Amino acid sequence: LTNDPTVTFDDTAGTASAPEVDVNGTVLGITCSYTVTNLSVSRQGTSRTYTGGPFTANLSSGGGLCPGSETVNSVSLTFH
């Protein structure tokens with residue numbers, strides 16, 4: 001993660017959501033930055049672990065070798 005996303009928890013529904021999450025990936029010295037918008041994940045049982053996906057991450061900055069978008073098949077977030 002490259003930003004400090006604002007996360008909203010709905011304990012009744014067992015979900016967590018963020019309007020924007022930024023992620024960087026670097027391969028062979030080339031950094032590509034992506035943004036996932038309207039991320040929503042579901043709580044696993046009564047834990048503070050949330051999972052979800054797939055999500056589309058759209059290119060926000062990077063060189064011409066960066067794909068315009070990437071699919072994030074799954075995410076797992078644990079909040080403490």
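The figures that follow rest on heavy atoms only: side chains count, while hydrogens, waters and symmetry mates do not. In this chain, residues are counted from 1 in sequence order. Here the structure is a predicted model, which is why all the values come from computation and not from measurement.
To the nearest 0.5 Å, atoms CG (Asp22) and OG1 (Thr37) are separated by 10.5 Å. Rounding to the nearest 0.5 Å places CG of Asn38 at 11.5 Å from OG1 of Thr56. Between the SG atom in Cys66 and the CG atom in Asn24 there is a gap of 9.5 Å [rounded to 0.5 Å].
Scanning both residues, Leu59 and Ser61, for their nearest heavy atoms gives CD1-O, 3.2 Å.
No donor-acceptor contact under 3.5 angstrom links the side chains of Asn58 and Thr35, judged on distance only.
Although no hydrogens or angles enter the test, the distance criterion places no donor-acceptor pair under 3.5 Å between the side chain of Thr71 and the main chain of Asn73.
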**Prompt:** After noting the C-alpha distance and the side-chain angles of Ser60 and Ser33, does the key distance pass the side chain to side chain donor-acceptor pair (under 3.5 Å) rule?
**Reply:** CA-CA 5 Å; Ser60 57; Ser33 299; 4.8 Å; no
**Request:** Dump the intermediate steps for side-chain contact (heavy atoms from CB on, under 4.5 Å) on Val41 and Phe55, then the final yes or no.
**Result:** CA-CA 10 Å; Val41 290; Phe55 302 104; 4.1 Å; yes
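For Gln44, the side-chain hydrogen bond (donor to acceptor under 3.5 Å, both in side chains) test picks out Thr51, with sequence neighbours left out. Scored by the side-chain contact (heavy atoms from CB on, under 4.5 Å) test, Pro67 finds Tyr34, Glu70 as partners (sequence neighbours excluded).
Taking the side chain as every heavy atom from C-beta outward, Ser17 and Leu39 never approach each other to under 4.5 Å.
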Compile the donor-acceptor pairs under 3.5 Å between side chains in residues 5-16 and protein atoms, sequence neighbours left out, one pair per line.
residue	atom	partner	partner atom	Å
Asp10	OD1	Thr12	N	3.1
Asp10	OD1	Ala13	N	2.9
Asp11	OD1	Arg43	NH1	3.4
Asp11	OD1	Arg48	NH1	3.2

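Follow the hydrophobic side-chain contacts under 4.5 Å out from Val75 and you reach Phe79 in the same cluster.
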